[in-house]
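Reviewing the structure listed below.
Just so you know, these numbers come straight off a predicted model, no measurement behind them. Below, chains carry the letters A, B, ... as their sequence lines are ordered, and counting in each starts from 1.
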Protein chains: 2
Amino acid sequence: MTLQDRVHAAIRADILAGRFRPGQRLKIRDLAASLDTSPMPVRAALQRLVAEGALEAEALRSVRVPALSRAGLENLLPVRLALEGLAAEAAGARIDAAGIATLTAGVARMDQALGAHDFAAYLTENSQFHLTLYRAAGNPVLLRMIEQLWLQAGPAFTWLVTSDDLSPRLNSFHRDCLAALADGDGRAARAAIEADLRYFGQHLLMLLDLDPAHRNA
Amino acid sequence: MTLQDRVHAAIRADILAGRFRPGQRLKIRDLAASLDTSPMPVRAALQRLVAEGALEAEALRSVRVPALSRAGLENLLPVRLALEGLAAEAAGARIDAAGIATLTAGVARMDQALGAHDFAAYLTENSQFHLTLYRAAGNPVLLRMIEQLWLQAGPAFTWLVTSDDLSPRLNSFHRDCLAALADGDGRAARAAIEADLRYFGQHLLMLLDLDPAHRNA
DNA sequence: ATTTCTTATCTGTGATCACAGAATGCGTCA
DNA sequence: TGACGCATTCTGTGATCACAGATAAGAAAT
């Protein structure tokens, strides 16, 4: 693995973990210093993240972490419904017992995180659950697109959600999905995932309106 | 616009026009020489195209134009149906008279290309028609994803389709779509686009099986 | 005190160089 | 004649330097 791959992974993780403020400008030399490399691999990593939609660039300016906006979230939701719904339905026809066991364990860990009001752990487990499910669809082209969507949606999760937003209802959709998968009912699995995304998406929009700091853009 | 943007656009156009053979390795210094620049902007452009899914990279090796494969095309089709179907339906609710006029002109040009058995012109116009339609959906996130899909599908079009594959039926789906848009019927527009993609997709798979040169991978 | 113009600094882009791993060609041996 | 091994060449990666456009800071004028 090359150095720019490691740098890319590091910055990508920082974005997903919300370690950069939405709207923040990322400077090549600063990141290079903090990662203890030359500017070169950082330059490549940032350009790659821009191409993946995780950052936005204007010509001859520093790249920016996209600001949260109602329009952005509203545009994202239907695409997520279409792609993640498709993946869930395909997974329903292909997932095996081992896969269902993995997902069941994930749901248990999400219950635990909800009980402990640990929203960081919940978000991590939630992401694991969804991506494991979509991987089971066995379509690399589809999986790649979905990962790009999550990268774009990541900052919204970590910057808007707090412990107060965790409700037991969140995990009920995952349970519905799991039941559908056990029945081999792809259509029901899709419906459960779509309900999950809709519920969470509406919640994010509400949080955005409540939070004056992010109401801009 | 920076130099690497121009280089990116140039190579991207070469890929879409089929000026690179599927499976071909692209070397930084060769492209730099033919584009009369230093290797630097070429390096950046190639990395960007890899991130966009237009090229594939293995670590420490030259990037490759993806080889055509049945699995690749089969994975692409359901994603295209989901995303382009969504965009067509959204466009049905938002497109205005000027947009419909633009699309109508495009259909006329496709008829002309079909009559002249000019498959290059047909493919260009076809791409214009679809992207114009999807732009009318007014969802930048969605449009971005669809453009990535077309970039991945491009080589399959230009390398498998010949004049002998042009049939008047191809344009009938576009006409159906146009009629649906005029009625403001998004559902019907989606159905027409999906039928178009399915028909053309099946045709590509058949051509792939017929062509021994591309049956590999 | 505020605005504006000028200057100094910052920052991304492009070029050149050095290096390491991969690929290729050639010679040797069975 | 064919296969193996070595050496040369090729090729991507990473670092350093030069430059131009943008940004920010400071000084002068109203």
Pairwise distance [atom1]([X]) to [atom2]([Y]) - rounded to 0.5 angstrom:
{"X": "A/H8", "Y": "B/Q47", "atom1": "NE2", "atom2": "CD", "answer": "10.5 Å"}
{"X": "B/L16", "Y": "B/W150", "atom1": "CG", "atom2": "CH2", "answer": "10.0 Å"}
{"X": "A/L204", "Y": "A/Q202", "atom1": "CG", "atom2": "CD", "answer": "9.5 Å"}

Once you round it to whole Å, what is the distance between C1' of C/dT24 and CZ of B/R25?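 My rounded result for the distance is 13 Å.
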Hey, does the side chain of B/D165 reach the backbone of B/T162 with a donor-acceptor pair shorter than 3.5 angstrom?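 The answer is yes, because a donor-acceptor pair under 3.5 Å joins these two groups.
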Donor-acceptor contact present, side-chain A/N171 to main-chain A/V107, <3.5 Å: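 Yes, because the side chain of A/N171 sits within donor-acceptor range (under 3.5 Å) of the backbone of A/V107.
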Under 4.0 Å protein heavy-atom contacts per nucleotide of nucleotides 10-15 of chain C, with B for base, S for backbone only and - for none: -BBBBB
